[in-house]
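Predicted, not measured: the structure shown is a model, and the values here were computed from it.
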Amino acid sequence: MRFVDEAVITARAGKGGNGCVSFRREKFVPRGGPDGGNGGDGGSVYAKASTRLLSLYDFRLRRQYEAGNGQGGMGSQCDGRKGDDLTLELPVGTQLYERSAGGEVLLADLSEPDQTVLLARGGRGGKGNEHFKSATMRAPRFAQKGEPGEERTLRLELKILADAGLLGLPNAGKSTFLSRVSAARPKIADYPFTTLTPNLGVLMDEYDPDRRMVIADIPGLIEGAHAGLGLGDRFLRHVERTRFLVHILSVEDVPMEGENPWAGFDLINDELAAFDPELAARRQIEVVNKMDLRSPEERAALEARAGADGRRVFFVSAKENWGLDALVKEMWAMRDELAPHEALLRCADETPVDDDISDVEVIWVRE
């Protein structure tokens with residue numbers, strides 16, 4: 001399935017059923033009173049966060065979603081049946097923006113599994129004529145029409161939730177690293193921009209199967225990524241939902257001679273700062289990959305240079321599976337050190353939400 005992280009849909013709630021105009025007519029009750037039942041309420045449209053989905057691909061194929069209409073009222077004081085609700089399953093990490101003539105407003109942020117949000121409320125069913133009888137109106141010959149359901153145009157934006165985000169320049173070996181430490185099998189080739197969509201991998205603790213680390217492989221970034229070059233702004237949004245970053249640089253981008261061999265790290269960090277200063281301040285683990293391309297003497301020289309420059313850099317070869325144990329150990333330590341979803345909660349708290357949307361109902365469903 002193709003990875004899709006953005007889609008536009010229309011959610012339409014069901015119309016309420018009309019009330020019924022009816023009078024009681026029996027053999028020995030020729031002039032019975034009104035007994036028209038009420039119409040049923042229209043069904044509502046909900047969105048529910050699901051861990052089963054990782055992409056918005058299905059919402060690119062179908063863009064119209066409608067709940068069921070309420071049934072009309074009937075005689076003998078029989079109310080109409082309520083319309084069927086519709087629940088849309090969305091990946092955890094999806095943000096829903098309502099589109100209107102005035103722009104976009106954040107409607108909901110599905111940041112936790114099973115979180116359920118009301119998107120469009122069903123129309124209220126109309127009252128039957130039995131509802132309007134009174135001492136002065138013994139035989140009302142009218143009923144109330146059902147109300148239309150709400151309709152909203154929504155833009156869905158997926159931001160991957162992960163513990164660690166792999167980022168770096170193109171062809172740094174991020175996908176190879178992910179394939180070595182997890183069961184993920186991303187496309188791997190010896191040319192830039194092999195990865196065009198984010199990949200997810202799960203790192204399992206060999207001593208505790210319930211202890212897991214989710215790793216997101218972000219496509220390679222280039223200079224100007226924050227402004228959209230190389231689709232960098234779309235890729236950077238996925239880094240916002242990670243606890244920490246694993247910054248991988250190919251040894252081919254680390255000159256053995258020169259004033260600053262770590263310019264590749266600095267370039268990407270500048271892009272992070274331009275996109276979101278908070279993102280640039282997030283904890284990082286710096287890694288130089290493809291060390292199998294250098295001689296032992298060159299490796300020693302780079303390690304000595306990193307120490308002299310006061311940088312803690314992990315030197316590895318994902319291809320040869322060399323040096324990965326120490327790196328993974330550091331990743332586990334940083335994951336356990338940081339509070340769960342610390343970055344995610346901060347991101348959600350700082351997202352502006354229109355306070356005028358008073359009819360948005362949020363339901364937390366917990367097992």
Side-chain angles (χ1 to χ4, degrees), residues 1-21 36-74 78-128 143-159 353-354 356-365:
M1 180 182 293
R2 190 159 58 92
F3 180 85
V4 174
D5 59 1
E6 196 170 60
V8 178
I9 65 170
T10 298
R12 185 179 298 114
K15 176 182 178 298
N18 295 330
C20 176
V21 177
N38 302 327
D41 294 338
S44 299
V45 181
Y46 296 87
K48 181 178 180 180
S50 171
T51 56
R52 184 178 61 86
L53 301 175
L54 297 175
S55 171
L56 297 174
Y57 179 74
D58 292 342
F59 296 92
R60 281 283 184 89
L61 302 179
R62 178 185 171 191
R63 306 202 175 194
Q64 301 284 336
Y65 296 88
E66 299 182 13
N69 294 327
Q71 185 181 26
M74 294 164 284
C78 292
D79 295 340
R81 182 176 58 84
K82 180 184 182 299
D84 293 331
D85 292 334
L86 176 64
T87 299
L88 307 179
E89 287 195 358
L90 297 169
V92 177
T94 301
Q95 292 181 324
L96 300 97
Y97 293 86
E98 181 181 12
R99 285 188 167 180
S100 63
E104 290 187 348
V105 175
L106 179 64
L107 188 65
D109 187 352
L110 302 181
S111 58
E112 293 192 10
D114 295 328
Q115 180 182 348
T116 303
V117 177
L118 176 64
L119 300 181
R121 192 185 303 275
R124 185 171 55 185
K127 301 295 184 181
Q144 192 178 44
K145 286 188 175 182
E147 297 179 352
E150 293 180 334
E151 179 177 338
R152 283 186 168 134
T153 299
L154 304 166
R155 182 175 66 85
L156 313 179
E157 181 178 303
L158 173 60
K159 295 182 178 180
V353 179
D354 191 341
D356 293 335
I357 303 184
S358 56
D359 58 342
V360 175
E361 176 183 351
V362 179
I363 305 168
W364 296 89
V365 181

Quiz prompt | Pairwise distance CG(Leu154) to OH(Tyr65) - rounded to 0.5 angstrom | solution = 11.0 Å

Quiz item: Short question: side chain of Asp85, backbone of Gly43 - any donor-acceptor pair under 3.5 Å?
Solution: no

Quiz item: Is there a donor-acceptor pair under 3.5 Å between the side chain of Asn18 and the backbone N or O of Gly72?
Solution: no

Self-check item: Test item: Glu66 and Leu86 side chains (from C-beta on) under 4.5 Å apart, heavy atoms
Solution: no

Exercise. For Ala47 and Leu90, work out which heavy atoms get closest and say how close.
Key: CB-CD1, 3.8 Å

Quiz item: Taking all atoms of both residues into account, what is the closest heavy-atom pair of Ala67 and Asp84, and its distance?
Solution: CB-O, 3.5 Å

Exercise. Please confirm whether the backbone N or O of Gly126 pairs with a side-chain atom of Arg124, one donor and one acceptor, at under 3.5 Å?
Key: no

Please list, one pair per line, the donor and acceptor atoms closer than 3.5 Å that link side chains of residues 101-108 to other protein atoms, with sequence neighbours excluded.
residue : atom : partner : partner atom : Å
Glu104  : OE1  : Arg155  : NE           : 3.2
Glu104  : OE1  : Arg155  : NH2          : 3.0
Glu104  : OE2  : Arg99   : NE           : 2.9
Glu104  : OE2  : Arg155  : NE           : 2.9

Quiz item: For Gly123, does its backbone N or O pair with a side-chain atom of Glu147 as donor and acceptor, under 3.5 Å?
Solution: no

Quiz prompt | Rounded distance (nearest 0.5 Å) linking atom NZ of Lys82 with atom OG of Ser44 | solution = 5.0 Å

Quiz item: To the nearest 0.5 Å, what is the distance between CG (Leu88) and CG (Leu110)?
Solution: 10.5 Å

Quiz item: So which heavy atom on Asn38 is nearest to which on Asp79, and how close?
Solution: N-OD1, 2.9 Å

Quiz prompt | Salt bridge Lys48-Glu89, side-chain N to carboxylate O under 4.0 Å | solution = no

Quiz item: Does Asn69 reach the main-chain N or O of Lys15 with its side chain, forming a donor-acceptor pair under 3.5 Å?
Solution: yes

Quiz prompt | Sidechain-backbone polar pair: Asp41 side chain, Gly16 backbone, donor-acceptor under 3.5 Å | solution = no

Quiz prompt | Side-chain heavy atoms of Leu56 within contact of Thr94, under 4.5 Å | solution = yes

Quiz prompt | Flag, side chain of Glu150 to backbone of Arg121, donor-acceptor distance under 3.5 Å | solution = yes

Quiz prompt | Val8 versus Arg63, closest heavy-atom pair with distance | solution = O-CD, 3.4 Å

Quiz item: If every non-hydrogen atom of Ala11 is compared with every non-hydrogen atom of Ala120, which pair is closest and at what distance?
Solution: O-CB, 4.0 Å

Practice problem: Mind listing the closest non-hydrogen atom pair of Gln64 and Arg62 along with its distance? | Solution: O-NE, 3.1 Å

